Amino acid sequence: MLQHASVTAVVLFLVMMLSSLMPSVSVSARPVSVYPGAPATASSASDITLHQLEVAFAGNCQNKTVGEAMSCADALPYINAAMNKYNLQTRGQRAAYIATMAYEGAYLKYDHNLVTHSQGTRSILPASSLWLFVDANKDVQEHWPKYPKGVNNDTIVDVLIKNHLDFEPGAWWTVSGPGVCAQYSMQLSGTMESFVNWEQGCINGGNTTVEARWAVYTTVFASIW
């Protein structure tokens, strides 16, 4: 009986000692996104908040991240990381990038065009535009060991998505696409003229959808600062 009591006492002592060595965990700690591969980047003055993104999406945030759909909370670190990486400095540039994703991808519901599989990423860009993005960014090319070998129109979108780069092509195109993109992106403001110049001169979204795209842009522009 005494022997059993002594063993119990030793066990309790060891449990208490181990407990004292374990780091304490705050139950009020801020939850971290569980989406795989979420970028850990330093914050900057251009970062938008979750509240701003939710207002910009006007109640259209996806309820949860499942399949291709992505919640605003899970998307936020990718959006900020892409804007910082590709130097989207102005309010107009950031609004144009976010508005394009909202319009083209149904507010982060899709990562592919529903008809043409090779057209996609969060801004739903055609394969030819994705080629230009990859060709301009050597760090992205590393995902093809023998670049440009192995890159083709049918799979380029899937490689980018698999490596969690689906938020980057749209950010790059917003300010660095060929031709007049850089010029028109610097002029983006709250005016329809500045938006139409960028829309038609840079990403060429199409004359028939300008009004719908402009409506999304104005909502996003008014929601971020």
Side-chain angles (χ1 to χ4, degrees), residues 33 35 43-66 68-114 119-126 129 166-177 180-225:
S33 169
Y35 189 80
S43 60
S44 77
S46 65
D47 283 0
I48 63 168
T49 66
L50 179 57
H51 174 69
Q52 288 175 322
L53 183 59
E54 289 173 340
V55 174
F57 274 21
N60 291 301
C61 285
Q62 303 305 308
N63 292 328
K64 59 182 179 179
T65 298
V66 57
E68 291 191 353
M70 197 170 192
S71 70
C72 284
D74 283 334
L76 184 64
Y78 288 93
I79 292 172
N80 281 327
M83 291 193 299
N84 290 332
K85 180 177 179 179
Y86 296 104
N87 202 27
L88 276 63
Q89 298 179 334
T90 72
R91 182 180 177 185
Q93 290 170 343
R94 297 193 294 273
Y97 165 56
I98 295 169
T100 300
M101 286 192 295
Y103 181 86
E104 293 288 355
Y107 296 92
L108 302 177
K109 186 176 183 180
Y110 302 113
D111 229 353
H112 289 92
N113 181 290
L114 295 179
Q119 183 175 350
T121 68
R122 290 298 166 183
S123 297
I124 314 295
L125 294 168
S129 296
D166 41 336
F167 285 85
E168 295 193 11
W172 178 82
W173 262 95
T174 298
V175 296
S176 302
V180 295
C181 278
Q183 174 188 342
Y184 284 154
S185 73
M186 286 302 297
Q187 298 171 359
L188 278 164
S189 65
T191 69
M192 186 173 187
E193 181 183 6
S194 70
F195 175 76
V196 171
N197 285 341
W198 174 82
E199 165 75 21
Q200 296 180 340
C202 181
I203 66 170
N204 193 25
N207 293 328
T208 60
T209 59
V210 166
E211 289 189 10
R213 292 168 183 271
W214 163 245
V216 176
Y217 174 81
T218 56
T219 300
V220 176
F221 188 86
S223 304
I224 64 174
W225 52 86

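Each residue takes its place number in the sequence, starting with 1. Everything numeric in this text was worked out from a predicted model, so none of it was measured.
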Quiz item: Of all heavy-atom pairs between Leu125 and Thr121, which one has the smallest distance, and what is that distance?
Solution: N-OG1, 4.2 Å

Quiz item: Which is it for Phe167 and Leu108 under the side-chain contact (heavy atoms from CB on, under 4.5 Å) test, yes or no, and what are the steps along the way?
Solution: CA-CA 10 Å; Phe167 285 85; Leu108 302 177; 3.9 Å; yes

Exercise. Could you please spell out the steps behind the side-chain contact (heavy atoms from CB on, under 4.5 Å) verdict for Trp225 and Gln52?
Key: CA-CA 9 Å; Trp225 52 86; Gln52 288 175 322; 2.9 Å; yes

Self-check item: Flag side-chain contact, heavy atom, 4.5 Å: Tyr103 against Trp214
Solution: no

Practice problem: Report yes or no: does Asp74 contribute a side-chain atom to a donor-acceptor pair with the main-chain N or O of Ser71 at less than 3.5 Å? | Solution: no

Quiz item: Can you name the salt bridge (charged side-chain N to carboxylate O under 4.0 Å, His left out) partners of Lys64, sequence neighbours left out?
Solution: none

Exercise. Measure the shortest side-chain to side-chain distance between Tyr184 and Ile203 over non-hydrogen atoms and say whether it is less than 4.5 angstrom.
Key: no

Quiz item: For Cys72 and Glu54, which heavy atoms make the closest approach, and how far apart are they?
Solution: CB-CG, 4.5 Å

Quiz prompt | Side chain to side chain, Asp111 and Arg122, heavy atoms closer than 4.5 Å | solution = yes

Self-check item: Least distance between heavy atoms, Ser176 atom then Cys181 atom
Solution: C-CB, 4.4 Å

Quiz item: When rounded to the nearest 0.5 angstrom, what distance separates CZ in Phe195 from OG1 in Thr218?
Solution: 9.0 Å

Self-check item: Spatial distance of atom CD (Glu199) from atom CE (Met192) [nearest 0.5 Å]
Solution: 10.0 Å

Quiz item: Can a donor-acceptor pair be found between the side chains of Ser123 and Thr100 at a distance below 3.5 Å?
Solution: no

Quiz item: Between Pro77 and Ala73, what is the shortest heavy-atom contact and its length?
Solution: CD-O, 3.5 Å

Quiz item: Would you say Met83 and Gln93 make side-chain contact, with heavy atoms under 4.5 Å?
Solution: no

Quiz item: So, does Thr219 use its side chain to make a donor-acceptor pair with the main chain of Ala215 at under 3.5 Å?
Solution: yes

Exercise. Report yes if the side chains of Asn87 and Val175 come closer than 4.5 Å at any heavy-atom pair, otherwise no.
Key: no

Quiz item: Given side chains that start at C-beta, do those of Tyr97 and Ile79 come closer than 4.5 Å, heavy atoms only?
Solution: yes

Self-check item: Exercise: identify the closest heavy-atom pair between Val216 and Ala102
Solution: CG1-CB, 3.9 Å

Exercise. Nearest 0.5 Å please: distance from the CG atom of Asp47 over to the CD1 atom of Ile224.
Key: 11.5 Å

Practice problem: Could you tell me whether a side-chain N or O of Trp198 sits under 3.5 Å from a main-chain N or O of Gln187, the two making a donor and an acceptor? | Solution: no

Quiz item: Could you state the interatomic distance from CD1 (Ile48) to CG (Leu88), rounded to the nearest 0.5 Å?
Solution: 11.0 Å

Self-check item: Contact summary for Tyr217 and Ala95, nearest pair of heavy atoms
Solution: CE1-CB, 3.7 Å

Quiz item: Just how far is it from atom OG1 of Thr174 to atom CZ of Arg94, taken to the nearest 0.5 Å?
Solution: 12.0 Å

Quiz item: Can you tell me how far CD of Gln119 sits from CD of Glu104, rounded to the nearest 0.5 angstrom?
Solution: 7.5 Å

